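Have a look at the structure below, then the notes.
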Amino acid sequence: MTYSSAVPSNGAGFAQVLHAEWTKLRSVRSTWICVGLTFGLTILLAYLAGSGNTTDANSFGPQRFFQAQLVHQSLTGDGSIVTHVASQEETGPDAKAGVMITGPVADPTSKTGLPASPPAYAAIMVTPGHGVQWQSDISHDAAGTTDPAPRWLKLTRAGSRITGYESPDGVTWTQVGTAEVTELPATARVGMFVSAPPTGVKAIRRSPTSIENSPDYTLSTAVFDSVRITGANGQPVSGSWQHVDTSGPPRELPHDSVAGSFTENAGRFTVSGAGDLGVQAPGSVGDNDVVRDTLSGILIGFIAMAVLAALYITSEFRRGIIRTTFTATPRRGRVLAAKSIVLAAVAFVTGVAAAVPAFLISQPLLRENGFAPPAYPKVSLTDGPVVRAVLGTGLVLALLAVLALALGALLRSSAAAITLVIAVVLVPLIIGPFLTLGGEAWLKRITPGAGMAIQQTRERWDDAIGPWAGIAVLSGWVAVVLIAAVVQLRRRDA
Amino acid sequence: MHSEGRLSGVTTPSRGMPSVSAMDATIDVAGLRKRYGSTVAVDDLTFTVHPGMVTGFVGPNGAGKSTTMRIVLGLDAADAGTARIGGRPYRSLTAPLTEVGALLDAEAIHPGRRAKDHLLWMAQSNGLPARRVGEVLDQVGLTSAARRRAGGFSLGMRQRLGIAAAMLGDPPVLIFDEPVNGLDPEGIRWIRGYLRGLAAEGRAILVSSHLMSELEETADHLVVIGRGRMVADTSVADLVAGASGTRVLLRTSQRTDAMTLLARAGATVAVIDHEAVTVDGLSGERIAALLGAAQVPFSELGAHRATLEEAYMELTRDAVEFGATGSTP
């Protein structure tokens, strides 16, 4: 008497639920409206960023820096200076410690009689990152061995010809560089110097809408010994050592915090200094992340995706379709997992599909607006960080969409879920400027918006978190809300 | 009141019903209890839906019919008791749509989704062949609307779509919550025939309604509940017979005189229309004798046969009264 189904079933496993959830998503028009809006808004914002942002980074000429702690004596006529750089503190690859010959140096404390440009000089130095370097008249330089301190250095003067040597032992010398320094006066200053370029950016928040940036200097300390100055006659020259901080008013920050110093103890000279020595090429001031700036419009596109994601489950609760879903698939966690995967796939493809044209449209516009080499080297879609940013745009959109979905499952209300997900992503961006820079950085580290760090393609002073660490933070949020949603779906009546 | 007499033909539910084999397509509800906050929706409900017949699930709105159905389908969790399909809890069914088909709410369709897509995702979720979509649409007469979005469907069309969805897996057990709602007379006739046909194939069918008349020509068996409690679990024939009881139908042109006379003799008299009354408490012979002695003419005197609706009204009235007294401490 009992009837038995005549319809064969391939089983109701996870693959079947995935298939069903994909059919659900694709068979509703609002899905494609939201996908289209996400796609269009993201590209539109990239276009606006590309056409609206300009820079004059390339219009700065070469910038000359002559900032060092110099411990010197006078040398009249030909002669030489030899020293042994016993140690050098590594504050960065370009910290410098060496010997120098130069003309008169303006005393920065007098604030008058400043030379319009740095004086003529020649110097040989060691750096932690690039070994032995030779500089003369700022614009000429040469490289010696790549060995860092300890190292022997020598500078000789013959008329206006200055030559720099290096040696591992003070016995065997190798020439590193030579130059005619014609503007050098007959009595020049020779001595040891220490310099260290900025290690970062010192930022101070002045108001929610204004941040002051300046180079962040760190003192580097080097120890010199075996210092010997020899005159034209081959005899040692002795005199009193003087020290001067050649950095003057060009430095924007009050220099007190990084004031150089020098001490001598039985022929050992300990010198601390900070500053930059040499030429900064034109355009090296550009530090915008042109890729992130144009792809971050995905956050606006995300608003449309959040609507789609929340409705994907809240519309089922509102209309009672969830009961049909749960009668077809009584395992509720499986339903949410299938929805998450289908939605994440759609969001990922949408994000990447929007990021590629967004990049291709915005980059030529930015180049026209000054974001061009040398300040901004041309970036290509195949560069590693760009690939990461473009694919990451899809990834972050997918994770945020799943977050919206999980909130929808938890709250069962589209209005509540959409509002909340947009709030947790966007509100920190609004609140951040009211906090200290440190507080803002923490907000960017711990809120779901941390995932946006995946769009970084270069290091910047205001990076709060690394690309993958940011994705990990966002994933953590998604996991927590998803688990809460599954627990609640199982417990609560449908 | 005469509730005892009226209920004499009704079998009251018992816990010790014979258990059915696990393979049988039955719905077994045992000791089911469900409360929402302070409201008891289902209170100690026990019944079985057998294969090969249509079981009507009747009770006023809010009696607990939908709640019971949701518990049977694993959607709501019972506070106590069990609900099993063929001996197994719904949530343990592997491909549920091939074992149970359900129509809970015809409005539960996404208005932006085409009818065929609504059926397609359901079929896919249980690994059913896609051809079933066309087959069930054909069964319910919606083939021409397959590509239309459900938002434009009338309530009747939605009911048909919901029935089509329930039939996707060709299940031996079917649960329909108020399927007649919104159907036109032609649709009502169609669904009666359709349900009878499904039962004749050996399927177990549970159909709820708040109107007994809707089930009069459809149901073989009735489960009547009120305020979450079992009122009657009986065959339709027994229920009508029980409600008819020993009452006698009397048709007379002098209704008032007859009523006064018979009431004085100790009978309970109820008016049916201006020429007809039912008399309870006196035999037909005694009534004839009394009327003859008083010279009250009458045109008809015979055993009264209650309609299903009357039987139901009496049952649920009792349930309401019972509930009202029961709730007072």
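For clarity, every value in this text was computed on a predicted model and none was experimentally measured. Order of the sequence lines fixes the chain letters, A, B, ..., with proteins taken first and strands second; residue numbering starts at 1 for each chain.
Between chain A and the residues B:L103, B:I109, B:D105, the largest count of heavy-atom pairs under 4.5 Å involves B:I109. Taking chain B as the reference chain and counting heavy-atom pairs below 4.5 Å, the highest number among A:T324, A:V17, A:T23 is found for A:T23. Heavy-atom pairs under 4.5 Å with chain B were tallied for A:P8, A:S4, A:S315; the largest tally goes to A:P8. The choice from A:A6, A:A12, A:S5 that makes the most heavy-atom pairs within less than 4.5 Å of chain B is A:S5. Between chain A and the residues B:R131, B:M122, B:R70, the largest count of heavy-atom pairs under 4.5 Å involves B:R70. Ranked by non-hydrogen atom pairs under 4.5 Å with chain B, the options A:G13, A:A20, A:A15 are led by A:A20. Each of A:I321, A:L18, A:N10 has some count of heavy-atom pairs under 4.5 Å with chain B, and the biggest count is that of A:I321. Ranking B:L73, B:L75, B:I71 against chain A, the residue ahead of the rest is B:L75, based on heavy-atom pairs under 4.5 Å. Chain A forms the most heavy-atom pairs under 4.5 Å with one residue out of B:V100, B:L198, B:D117, and that residue is B:D117. For the set B:P171, B:P129, B:A102, the entry with the most heavy-atom pairs within less than 4.5 Å of chain A is B:P129. Interface remark: of the candidates A:G320, A:S27, A:A338, A:S27 forms the most heavy-atom pairs closer than 4.5 Å to chain B. Comparing B:R114, B:R132, B:E107 by how many heavy-atom pairs each has under 4.5 Å with chain A, the most go to B:R132.
Contact of A:R491 with chain B is not made at all, since no heavy-atom distance falls under 4.5 Å. With a 4.5 Å cut-off on non-hydrogen atoms, B:K34 touches chain A through its side chain but not through its backbone. Contacts between B:T94 and chain A at a heavy-atom distance below 4.5 Å involve the backbone alone (N, CA, C, O). Looking at B:L97, the atoms closer than 4.5 Å to chain A (heavy atoms on both sides) all sit in the side chain, from C-beta outward. Contact annotation for A:R334: neither backbone nor side-chain heavy atoms come within less than 4.5 Å of a heavy atom of chain B. Of the atoms belonging to A:R332, it is side-chain heavy atoms, and not backbone ones, that fall under 4.5 Å from chain B.
Counting only distance, with no hydrogens or angles, the side chain of A:Q16 and the backbone of B:Q124 share no donor-acceptor pair below 3.5 Å. Although no hydrogens or angles enter the test, the distance criterion places no donor-acceptor pair under 3.5 Å between the side chain of A:Y47 and the main chain of A:T42. Side-chain atoms of A:S9 come within 3.5 Å of backbone atoms of B:N126 as a donor-acceptor pair (strictly under, hydrogens ignored). Judged purely by atom type and a 3.5 angstrom limit, A:K339 has no side-chain atom pairing as donor or acceptor with the backbone of A:I313. Although no hydrogens or angles enter the test, the distance criterion places a donor-acceptor pair under 3.5 Å between the side chain of B:Y90 and the main chain of A:T327.
Tested against B:P51 for a side-chain contact (heavy atoms from CB on, under 4.5 Å), the candidates B:T26, B:I27, B:I205 yield a single pass: B:T26.
The pair B:D43-B:R229 meets the salt-bridge criterion, since a charged nitrogen lies less than 4.0 angstrom from a carboxylate oxygen. Under a 4.0 Å N-O distance rule, the pair A:R323/A:E316 does not qualify as a salt bridge.
A cation-pi geometry, defined here as NZ or CZ lying under 6.0 Å from the six-membered ring centre and within 45° of its normal, does not hold between A:R26 and A:W32.
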Side chain to side chain donor-acceptor pair (under 3.5 Å) evaluation trace for B:K65 with B:S209 | CA-CA 8 Å; B:K65 303 185 297 292; B:S209 177; over 6 Å; no
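Of all heavy-atom pairs between A:M305 and A:A401, the closest is CG-CB, 3.9 Å.
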